[in-house]
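Lettering of chains follows the sequences in order, A, B, ..., and the numbering in each one begins at 1. These figures come from a predicted structure and were not determined experimentally.
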Amino acid sequence: MSEHPDTLEASRVDKLRRLEALGIDPWGGRFDGHWPIAEVLKLPADLPEADRPRVRIAGRIVSRRDGGRVHFLDLKDSSGEPTLRELKGEHEGTVERVPDLSSRIQVMVGQKQVGETGWAVAQLLDLGDILGVDGTFGRTRRGEPTVFADGLTILCKSLLPHPDKWGGMQDIEYRLRHRYLDLIYNPETLDRARKRVRIIRTMRRYLDDLGYLEVETPTLHAIAGGAAARPFVTHHNALDIRLYQRIALELHLKRLLVGGMEKVYEIGRVFRNEGISPRHNPEFTMMELYQAYGDYRTMMDLTEGLIVACVRSLGEGLKLPFGPRTIDFTPPWPRVAYADLFRQYVGVALDDAAAVRRAAEAAGMPAAGKHPDVLVHHLFEEKVEHHLEGPVFVYDYPASLCPLTKRKRDNPAIAERFELYVQGMELANAYTELNDPITQEETFRTQLAGLPEEESMARMDEDFLRALRHGMPPAGGLGIGVDRLVMLLTNTQTIRDVILFPLLRPEK
RNA sequence: GAAGGCGUAGCUCAGCCGGUAGAGCAACGGACUUUUAAUCCGUAGGUCGCGGGUUCGAAUCCCGCCGCCUUCACCA
């Protein structure tokens with residue numbers, strides 16, 4: 001029991017040993033019958049002392065004020081304030097129990113009230129310890145709702161100091177590397193995590209109610225197709241084959257359409273071996289959905305209903321703040337043709353190859369040797385996207401950008417595809433699925449001829465083509481970037497704050 | 001991958017036109033039975049991200065490396 005332990009940790013280990021010397025297990029165990037702090041706070045607090053209700057609570061010590069023979073602790077748990085909320089719109093009449101933020105309550109520990117051992121324990125408590133408390137609920141003289149303890153149970157000793165109760169956690173790297181502390185000390189982190197759960201749950205419920213089947217498809221692919229992205233490469237030892245982490249869900253879900261699953265979806269992780277930015281994490285969550293006998297118009301209606309349901313599930317109305325702006329999700333959302341936007345903001349027609357080339361050169365883009373549609377797309381990203389505050393559906397894309405999409409019957413240069421833009425971000429991507437295996441094979445070949453394999457959206461996939469040859473019903477398909485949706489609905493500017501454990505370089 | 005910024009005590013931060021490191025909270029010892037940013041007295045805690053250079057002397061100036069942030073590139 002050194003008087004000046006070398007480190008903060010040593011001081012806590014010292015207390016741990018002293019607890020053990022008292023015959024107390026500092027790591028606790030089963031602790032039944034405790035109340036959520038939020039429920040305790042709802043009890044009548046102003047009863048005469050003799051009539052105070054008995055309570056048992058458990059939580060983490062987040063603040064401490066010692067005063068001689070009486071100590072005050074603040075205990076925090078994850079109970080939040082449960083509220084019942086009636087959902088409107090698509091789920092009219094449904095009542096959902098919505099837990100909000102965590103709750104904290106003050107505990108008074110008096111020497112007389114907790115007894116000799118209890119008082120000895122009280123001297124050995126630190127910020128960050130997890131404590132069980134038995135006592136009665138009332139108010140202090142200052143009117144603070146308080147549990148007056150008569151029994152203390154150590155449930156876990158904390159050996160490392162927690163962040164400052166005032167300064168809190170500011171350092172972004174520290175927060176990301178210690179997300180568990182971030183969750184405790186930055187309420188908005190827990191709030192975002194819970195809103196994410198609620199959004200995804202709403203998505204599932206909405207689609208389940210419409211009869212879509214949720215499926216799981218492989219994440220290890222022999223050929224990483226379905227999107228234009230660089231995959232992570234891995235290796236299967238027993239089979240001695242190269243495998244890729246999936247970059248999209250598309251090709252397996254379409255195989256299920258062939259197999260007669262007429263309405264399917266999957267919510268799952270995809271992996272892309274590309275840069276990291278405030279909008280990109282190497283692994284992220286996609287929702288992809290396919291519906292037989294639908295087309296991209298079907299998907300537009302569905303997308304609007306689905307996202308509006310997600311917005312409503314947060315209970316904050318249809319106008320949500322995002323940075324300095326407000327996003328108004330009130331349907332119906334405008335639908336604008338790609339070509340019209342292009343003409344409006346670039347000033348030329350997208351099928352006028354010479355004009356497009358001049359516009360690209362005027363914008364300082366290297367245009368030599370590039371397919372006109374590639375230039376069109378670059379110009380669109382450069383000149384148009386940032387105008388799309390949205391939500392807005394942009395539809396009918398140049399066909400050569402969309403190798404898995406059915407062309408318009410009356411104009412094979414245009415593909416039946418739309419993207420949903422909100423705040424300049426592509427939030428959803430959908431098309432009328434190409435179910436013609438002959439055209440599909442041609443598209444694969446022409447794409448492959450023009451681009452390095454890793455940049456091609458249409459990696460040749462013979463097995464997928466074989467599935468198409470057996471006959472896939474005409475269908476609409478939709479993909480939504482779940483992380484981005486959560487960003488937009490929770491006013492979060494960086495994807496790292498809607499993913500609990502974003503990728504960081506290892507320390508040291 | 002490129003450019004710019006940042007990295008000081010457990011946490012939050014000062015110090016940075018070179019003179020050998022500070023505060024608040026946390027911690028340790030003591031006083032206090034109704035505090036709530038408790039207060040008061042006392043104490044301890046830092047290879048100033050890592051390595052090298054310039055200098056009599058470097059947290060401070062220069063170079064390299066590592067990590068984080070921002071912007072750009074790739075992409076959703």
Side-chain angles (χ1 to χ4, degrees), chain A residues 1-12 14-15 62-74 104-114 119 122-123 126-128 138-146 148 158-178 181 185 226-231 247-248 270-288 377-378 381 385 419-422 424-429 452 454-455 457 479-485 487 493-496 502 504-508:
Chain A
M1 305 193 191
S2 53
E3 199 162 304
H4 296 298
D6 287 354
T7 65
L8 299 172
E9 183 174 2
S11 148
R12 286 168 178 244
D14 186 49
K15 288 177 183 169
V62 292
S63 173
R64 207 161 68 121
R65 297 169 293 284
D66 294 355
R69 280 183 269 282
V70 61
H71 293 348
F72 291 91
L73 309 171
D74 288 345
R104 61 154 76 191
I105 195 170
Q106 172 168 277
V107 175
M108 194 189 93
V109 181
Q111 183 175 24
K112 273 185 193 161
Q113 291 82 354
V114 295
W119 190 245
Q123 308 315 303
D126 283 301
L127 293 179
R139 279 188 205 280
T140 59
R141 284 176 204 162
R142 295 288 180 93
E144 179 77 9
T146 298
F148 297 88
S158 156
L159 296 184
L160 287 176
H162 286 227
D164 189 289
K165 68 181 172 189
W166 262 149
M169 298 177 68
Q170 299 303 322
D171 184 77
I172 292 167
E173 182 178 359
Y174 188 83
R175 289 175 56 187
L176 293 175
R177 290 196 192 278
H178 305 80
L181 295 177
Y185 297 102
R230 226 158 285 191
I247 57 172
V270 298
F271 307 85
R272 298 190 181 176
N273 203 342
E274 287 158 358
I276 295 175
S277 85
R279 292 192 160 66
H280 302 84
N281 193 63
E283 51 180 310
F284 62 102
T285 301
M286 284 282 294
M287 191 288 294
E288 283 194 32
H377 192 54
H378 285 322
E381 288 177 337
E385 276 188 1
E419 291 202 3
L420 173 66
Y421 281 88
V422 184
M425 275 198 279
E426 300 158 44
L427 183 59
N429 182 18
E454 62 186 9
E455 284 174 27
M457 184 155 177
I480 292 180
V482 172
D483 311 274
R484 288 185 171 178
L485 177 63
M487 285 171 69
Q493 312 302 316
T494 164
I495 197 168
R496 301 183 138 199
L504 294 177
R505 276 200 166 78
E507 281 182 283
K508 292 172 187 175

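- Rounded to an integer number of Å, the gap from Ile495(A) CD1 to rA76(B) C1' is 8 Å.
- Contacts of Gly168(A) with the nucleic acid, taken as non-hydrogen atoms under 4.0 Å apart, involve only primed sugar atoms and P, OP1 or OP2.
- Distance check on atom P: rC6(B) versus rA14(B) gives 12 Å, rounded to whole Å.
- Donor-acceptor pairing under 3.5 Å, judged by distance alone, is present between the side chain of Arg65(A) and the base of rU35(B).
- Comparing atom distances between the Lys165(A) side chain and each of rU33(B), rC68(B), rA26(B) picks out rA26(B) as nearest.
- Computed from coordinates, the Ile105(A) CD1 to rU36(B) C1' distance equals 14 Å when rounded to whole Å.
- Distance, Glu9(A) CD to rA44(B) C1': 17 Å, rounded to whole Å.
- At least one donor-acceptor pair closer than 3.5 Å links the side chain of Arg12(A) to the backbone N or O of Ser158(A).
- The nearest whole Å value for the distance from the CD1 atom in Ile276(A) to the P atom in rG67(B) is 11 Å.
- Nucleotide rU12(B) is matched to rA23(B) when pairs are restricted to Watson-Crick or G-U wobble geometry with both distances under 3.5 angstrom.
- When rounded to the nearest whole Å, the span between CD1 of Ile172(A) and P of rC11(B) equals 16 Å.
- When distances are taken from the side chain of Arg272(A) to each of rU34(B), rG67(B), rA76(B), the shortest belongs to rA76(B).
- rU33(B) and rU39(B) have their C1' atoms separated by 15 Å, with the value rounded to a whole Å.
- Checked against rA27(B), rU35(B), rG10(B), the side chain of Pro161(A) finds its nearest nucleotide in rG10(B).
- The side chain of Arg141(A) has rU34(B) as its nearest neighbour among rA27(B), rG67(B), rU34(B).
- Here the P atom of nucleotide rA76(B) and the CD atom of Glu381(A) are 8 Å apart, to the nearest Å.
- Without hydrogens or angle criteria, Glu274(A) side chain to Arg230(A) main chain gives a donor-acceptor distance under 3.5 Å.
- With hydrogens and angles ignored, a donor-acceptor pair under 3.5 angstrom links the side chain of Asp164(A) to the base of rG24(B).
- Considering Val107(A), Asp66(A), Val114(A) as possible partners of His71(A), the one that fulfils the side-chain contact (heavy atoms from CB on, under 4.5 Å) test is Asp66(A).
- Dashed line: the shortest gap from a side-chain N or O of Ser11(A) to OP1 or OP2 of rC28(B) is under 4.0 Å.
- At the heavy-atom level, Gln106(A) lies under 4.0 Å from base atoms of the strands shown.
- No N or O donor and acceptor, one from the side chain of Glu144(A) and one from the base of rU34(B), sit under 3.5 Å apart.
- Counting only heavy atoms from C-beta on, Leu504(A) has its side chain closest to rC68(B) among rC68(B), rU35(B), rA76(B).
- In this structure, Pro163(A) and Tyr174(A) approach most closely via the heavy-atom pair CG-CE2, 4.5 Å.
- Nucleotides rA26(B) and rA21(B) are separated by 26 Å at their P atoms, to the nearest Å.
- Under the rule for a salt bridge (Lys or Arg N to Asp or Glu O under 4.0 Å), Asp171(A) has no partner lying at least two apart in sequence or in another chain.
- If you take CZ of Arg177(A) and C1' of rG10(B), they are 17 Å apart, rounded to a whole angstrom.
- Contact annotation for Asn273(A): no contact, since no heavy-atom pair falls under 4.0 Å across all strands.
- In this entry rG64(B) has rC50(B) as its Watson-Crick or G-U wobble partner, both defining distances falling under 3.5 Å.
- With P as the reference atom, rU60(B) and rC16(B) are 13 Å apart, rounded to whole Å.
- Here Phe284(A) packs flat against the base of rA76(B); its ring centre is closer than 5.5 angstrom to the base's six-membered ring, tilted by less than 30 degrees.
- Using a 4.0 Å heavy-atom distance criterion, Asp74(A) is classed as making no nucleic acid contact.
- Nucleotides of RNA chain B nearest to Arg64(A) and His162(A) differ in position, and the one nearer the 5' end is that of His162(A).
- With a 3.5 Å ceiling on both atom-pair distances, the Watson-Crick or G-U wobble partner of rA31(B) is rU39(B).
- Considering every non-hydrogen atom in both Ala227(A) and Ala248(A), the closest pair reads CB-CB, 4.0 Å.
- Looking at heavy-atom distances under 4.0 Å, Gly275(A) makes contact with a base.
- Residues Met169(A) and Phe148(A) each lie close to RNA chain B; by heavy-atom proximity, the contact nearer the 5' end of the strand is made by Met169(A).
- The CZ-C1' distance, from Arg139(A) to rU36(B), rounds to 14 Å in whole Å.
- Taking Arg279(A) as the reference, nothing meets the salt bridge (Lys or Arg N to Asp or Glu O under 4.0 Å) condition, with sequence neighbours excluded.
- With both ends at atom P, the span from rA2(B) to rA76(B) equals 24 Å, rounded to whole Å.
- In this structure, of rU35(B), rU33(B), rA38(B), it is rA38(B) that holds the atom nearest to the side chain of Ser63(A).
- Contact annotation: Arg142(A) reaches the phosphate of rU36(B) (side-chain N/O to OP1 or OP2, under 4.0 Å).
- Nucleotides rG51(B) and rG7(B), compared at atom C1', are 16 Å apart to the nearest Å.
- At a threshold of 4.5 Å between non-hydrogen side-chain atoms, the residues Thr140(A) and Gln106(A) count as touching.
- A gap of 14 Å separates the C1' atoms of rC25(B) and rA38(B), to the nearest Å.
- Of the listed nucleotides (rC11(B), rC13(B), rA76(B)), rC13(B) has the atom at the smallest distance from the side chain of Gln170(A).
- The C1' atoms of rU8(B) and rC13(B) are separated by 9 Å, rounded to the nearest whole Å.
- The Leu8(A) side chain lies nearest to rA27(B) when the options are rU36(B), rA38(B), rA27(B).
- No donor-acceptor pair under 3.5 Å is formed between the side chain of Gln113(A) and the backbone N or O of Val109(A).
- Within the nucleic acid shown, Gly67(A) comes within 4.0 Å of at least one base atom, counting heavy atoms only.
- Taking only side-chain atoms of Phe72(A), from C-beta outward, the nucleotide of rU36(B), rA76(B), rU34(B) with the closest atom is rU34(B).
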